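Structure record follows, encoded as structure tokens.
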Amino acid sequence: MSTIVQSRVAQAKRLFSANNRTPRSPGFRTDVQALRAVAVLAVVVNHFWPNAMTGGYVGVDVFFVISGYLITSHLGREIARTGRIGFATFYARRVRRLMPAALLVLAVTVLVAGVLLPYPRWTATAWETFASAFYWENWLLAAKSVNYSAANEAASVVQHYWSLSVEEQFYLLWPLLLVGLVALGGNRRWLVPGVAGLGVISLVFSVVYTTLSPNEAYFNTLARVWEFALGAMVALLAAKLVLPRVAAEVASGVGFAMILVSAFLYDHTTPFPSVPALVPTAGTALVIISGLRPGKQWHTLVTASPPVQFVGNISYSLYLWHWPIVILAPFALTGALDKGELTTSWLLWLLALSFALAWLTKVLVEDRARTFAPLVRSTRMTFAALLAGVLVVEVLAGGLQSLYYQQVALAEQNVQAGKGSDCHGAGAMIGSNGCPDPFGPARVPEMGPANEYWRLAPECRETDYFKVDDKATVKVCDFSGDGEPTQTVWLLGDSHAEQWQPPVFEVARKEKWLLKIGILGGCPFADVEFTGYRSPAGPRDILRCRDWTEQMNPVIANDKPSMVLMSFFSRQEFVDDGSGRSQTEQYRSGIEPWWQKWTENGTRVFVFADPPYNRDVRSTSCVLLNRSNPQACAIPRDRAQPPDPLGEVVKSTRNPRVSLIDLTDYFCDQKLCYGVIGNVAVYYDGDHVNSEYSRTLTPMVEKALSSR
């Protein structure tokens with residue numbers, strides 16, 4: 001065995017020995033540090049001013065390529081020097097370099113979030129903090145990305161740890177891969193093709209998966225491995241990639257341009273990480289390759305300048321601090337907001353605060369932890385300190401979760417206490433009620449479990465019919481009590497139909513209906529060429545939507561219900577059949593034949609007009625940030641309630657058995673639409689009505705159903 005080991009060591013040394021195939025030792029490179037500065041500034045600008053640099057998220061990909069290059073270079077030098085990799089030493093160095101600052105920011109963020117954030121956001125903060133401390137935040141976000149009910153969750157204060165999770169997973173597995181390839185082949189024929197092959201496989205996976213499930217692919221580690229592999233290939237082939245001076249100058253210029261162009265031109269509709277990710281990553285590789293040649297370059301005067309190097313030096317801590325500041329600041333500066341948004345001057349002050357905290361963290365935490373003698377001397381001590389730090393963060397997260405449950409119970413009591421008044425909720429919009437302050441502060445401005453619009457009544461049960469992703473899409477609610485149901489009624493559509501459940505349940509209970517509910521989030525209930533909710537959807541989501549609606553349509557026709565109540569978010573569920581017709585006309589062609597088939601069987605169809613916009617016209621936190629003056633969140637009616645394709649189809653249909661239930665007048669007066677009415681917050685999240693407010697619309701819904 002010892003002979004085999006010695007043989008492998010000798011082969012490894014030959015592989016990385018000092019000859020013409022040796023990867024060039026990067027040492028300290030000002031151009032790489034400048035790349036860090038460009039990367040972090042792209043991300044920060046994108047988060048502070050999303051419209052100024054819509055593709056700033058590519059900065060993360062720049063970091064991934066840099067990490068692949070530097071780590072592979074380091075490991076290669078270690079193998080050349082010792083013939084092996086000291087795994088414990090390597091991981092301990094990573095811990096000392098990354099974990100102190102990361103855990104500090106997590107701990108401080110949890111504490112401040114508990115003070116500033118509304119309690120409904122505590123539970124997501126706690127869970128994501130737990131995930132971030134163990135570096136699987138990206139997988140948690142990937143799971144949430146395919147959960148439609150989670151799509152409207154506000155971004156958490158630690159969401160940015162997803163990229164750090166991907167990096168840590170790379171650091172954990174990459175040394176094992178390199179050692180495995182060297183041991184397997186014992187020569188360069190296995191190492192370089194192995195890394196290249198893995199990169200190609202990952203890139204193909206990234207392209208395919210981004211097409212099929214773009215939201216989930218964004219956070220998936222396997223879809224990002226090729227970016228690290230690209231940097232690793234530069235490290236492995238460094239000796240062969242030294243360019244002539246002119247070529248190096250051109251390569252660096254093209255590389256920086258590729259990064260900046262993608263940062264400014266990409267946006268949330270760009271399929272990512274897929275083929276477009278090749279632009280910033282290849283640009284990063286070109287800049288690194290151009291710097292393999294010794295000497296100054298055309299950009300050195302700028303990239304090696306103290307300001308640029310300073311930003312590169314603090315880039316890690318700046319990345320850690322800036323995002324919690326972006327999320328938490330509006331709740332600390334409620335007096336400095338305009339419609340729930342921070343002004344430019346305040347954003348500049350917050351940017352300065354981010355830089356200051358980053359510098360202090362770099363000097364007092366990053367640098368000292370990396371060189372702290374007791375930790376440097378003992379890997380065991382390093383890992384013990386890591387365990388202690390993680391434990392502190394998890395205790396804080398657990399405490400926040402415990403406080404959340406206490407607030408849930410208190411909020412439930414407050415919601416119940418407001419019922420019974422004629423001026424509660426939508427009743428305040430009825431002039432004859434004489435409500436003195438119809439748009440005053442909300443009794444319960446925080447939206448928690450007591451306000452969930454999707455909660456089912458006790459009379460409802462889920463069925464096994466048409467499950468999607470193992471979730472029931474059809475529920476049956478028998479409100480007849482011990483007798484026979486008076487009639488069968490269907491409630492159909494997406495979550496914008498689901499938000500009308502509270503008043504429908506009240507009417508169904510009173511009228512003793514058999515109510516059947518068919519809901520699939522983000523899916524228009526029509527025979528249309530659906531392309532995506534808000535942004536392009538992957539083929540899987542499109543096929544899921546089309547299959548579900550095609551299966552459900554004949555069920556409704558065969559069931560011959562007395563009524564069908566329906567709604568869906570047609571303003572943001574886009575369709576395109578290639579005809580060039582308007583969204584309204586395409587929806588007309590896709591829904592009127594179904595209505596005709598249903599109504600021929602005696603069914604009455606009632607379509608709920610969509611309520612006014614919320615997140616598209618104001619900050620979703622506006623009511624929370626203007627507790628004492630919610631009228632600051634009022635939006636002009638013509639802006640908050642633009643034409644709704646589905647509603648326009650109903651208004652112009654010739655089918656006399658199809659009617660529109662338009663409750664806009666209970667959300668808006670003649671000029672403005674409000675965020676709080678009758679001391680009740682109108683919206684649960686960016687797109688849906690608070691169940692408490694929806695329930696106060698019961699008399700209006702009952703009247704609309706009985707008068708047609």
Side-chain angles (χ1 to χ4, degrees), residues 118 120 152 334 337 339-340 411 414-448 450-453 496 498-507 567 608-642 644 647 661-704:
N152 281 291
T334 54
L337 302 177
K339 300 295 184 184
N414 289 335
V415 167
Q416 297 301 322
K419 295 180 179 179
S421 169
D422 290 340
C423 293
H424 180 68
M429 298 297 287
I430 301 174
S432 60
N433 286 344
C435 301
D437 188 14
F439 311 118
R443 181 176 287 102
V444 182
E446 301 93 350
M447 295 294 100
N451 311 95
E452 292 169 348
Y453 60 88
H496 281 233
E498 196 173 26
Q499 68 186 340
W500 301 111
Q501 283 182 167
V504 171
F505 287 158
E506 296 292 326
V507 176
S567 187
F608 285 98
D610 220 37
Y613 274 141
N614 187 27
R615 73 167 167 179
D616 293 271
V617 294
R618 64 167 73 86
S619 166
T620 56
S621 300
C622 189
V623 169
L624 283 167
L625 298 172
N626 293 275
R627 291 170 183 260
S628 61
N629 182 31
Q631 291 192 54
C633 302
I635 300 294
R637 180 166 174 154
D638 58 352
R639 182 179 163 215
Q641 188 67 314
D644 174 5
I661 301 178
D662 189 348
L663 301 173
T664 303
D665 288 343
Y666 298 98
F667 292 85
C668 319
D669 57 25
Q670 293 302 308
K671 294 182 178 180
L672 299 172
C673 297
Y674 298 91
V676 175
I677 298 174
N679 303 118
V680 178
V682 173
Y683 297 97
Y684 175 81
D685 56 24
D687 290 328
H688 304 96
V689 178
N690 168 17
S691 66
E692 183 186 3
Y693 191 80
S694 183
R695 189 178 294 104
T696 67
L697 291 163
T698 298
M700 299 74 169
V701 172
E702 184 177 18
K703 181 179 178 181

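Only a predicted model underlies this, so the values are computations on that prediction, with no experimental measurement involved.
- Qualifying side-chain hydrogen bond (donor to acceptor under 3.5 Å, both in side chains) partners for Asn629, counting only residues two or more places apart in sequence or in other chains: none.
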For this session: Would you please test Met700 and Ile430 for side chain to side chain contact (heavy atoms under 4.5 Å, CB included) and show each step?
Result: CA-CA 11 Å; Met700 299 74 169; Ile430 301 174; 3.9 Å; yes
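- With sequence neighbours left out, Ala442 forms a side chain to side chain contact (heavy atoms under 4.5 Å, CB included) with Pro445, Val676, Ala681.
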For this session: Start with the C-alpha gap between Leu697 and Phe608, add the side-chain angles, then the distance that decides, and say whether side chain to side chain contact (heavy atoms under 4.5 Å, CB included) holds.
Result: CA-CA 12 Å; Leu697 291 163; Phe608 285 98; over 6 Å; no
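- Here Asp616 pairs with Arg534 under the salt bridge (charged side-chain N to carboxylate O under 4.0 Å, His left out) rule; sequence neighbours left out.
- For Glu446, the side chain to side chain contact (heavy atoms under 4.5 Å, CB included) test picks out Pro118, Tyr119, Pro120, Val444, Leu624, Arg627, with sequence neighbours left out.
- Remark: Pro441 pairs with Asp437, Pro630 by the side chain to side chain contact (heavy atoms under 4.5 Å, CB included) rule, at least two apart or across chains.
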Show which side-chain atoms of residues 633-641 pair as donor or acceptor with protein atoms under 3.5 Å away, not counting sequence neighbours.
| from | atom 1 | to | atom 2 | distance (Å) |
| --- | --- | --- | --- | --- |
| Arg637 | NH1 | Asp665 | OD1 | 3.1 |
| Arg637 | NH1 | Asp669 | O | 3.0 |
| Arg637 | NH2 | Asp665 | OD1 | 3.0 |
| Arg639 | NH2 | Val617 | O | 3.3 |
| Gln641 | OE1 | Arg571 | NH1 | 2.8 |
| Gln641 | OE1 | Arg571 | NH2 | 3.3 |
| Gln641 | NE2 | Asp610 | O | 2.9 |
| Gln641 | NE2 | Thr664 | OG1 | 3.0 |

Problem set entry | Verdict with reasoning, Asp687 to Asn614, per side chain to side chain contact (heavy atoms under 4.5 Å, CB included) | CA-CA 6 Å; Asp687 290 328; Asn614 187 27; over 6 Å; no
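- The ring pair (Phe, Tyr, Trp, His ring centres under 6.0 Å) test applied to Tyr683 returns no partner, not counting sequence neighbours.
- The side-chain hydrogen bond (donor to acceptor under 3.5 Å, both in side chains) check on Tyr613 picks up Gln572, with sequence neighbours excluded.
- A distance of 11.0 Å separates CE of Met429 from OG1 of Thr696, quoted to the nearest 0.5 Å.
- Here the straight-line distance linking atom OG of Ser694 with atom NE2 of His688 works out to 11.5 Å at 0.5 Å rounding.
- Remark: Tyr666 engages no residue in a ring pair (Phe, Tyr, Trp, His ring centres under 6.0 Å) (not counting sequence neighbours).
- Ring geometry, Tyr453 versus Tyr684: the interplanar angle exceeds 60°, so the pair is classed perpendicular (tilted spans 30 to 60°).
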Problem set entry | side chain to side chain donor-acceptor pair (under 3.5 Å) assessment of His424 paired with Glu692 | CA-CA 10 Å; His424 180 68; Glu692 183 186 3; 3.2 Å; yes
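- Distance alone, capped at 3.5 Å, is enough to place a donor-acceptor pair between the Asn433 side chain and the Gly427 backbone.
- Partners of Val682 by side chain to side chain contact (heavy atoms under 4.5 Å, CB included), not counting sequence neighbours, listed by chain and number: Phe667, Ile677, Tyr693.
- Atoms OG and CG, from Ser621 and Asp685 in turn, are 11.0 Å apart once rounded to the nearest 0.5 Å.
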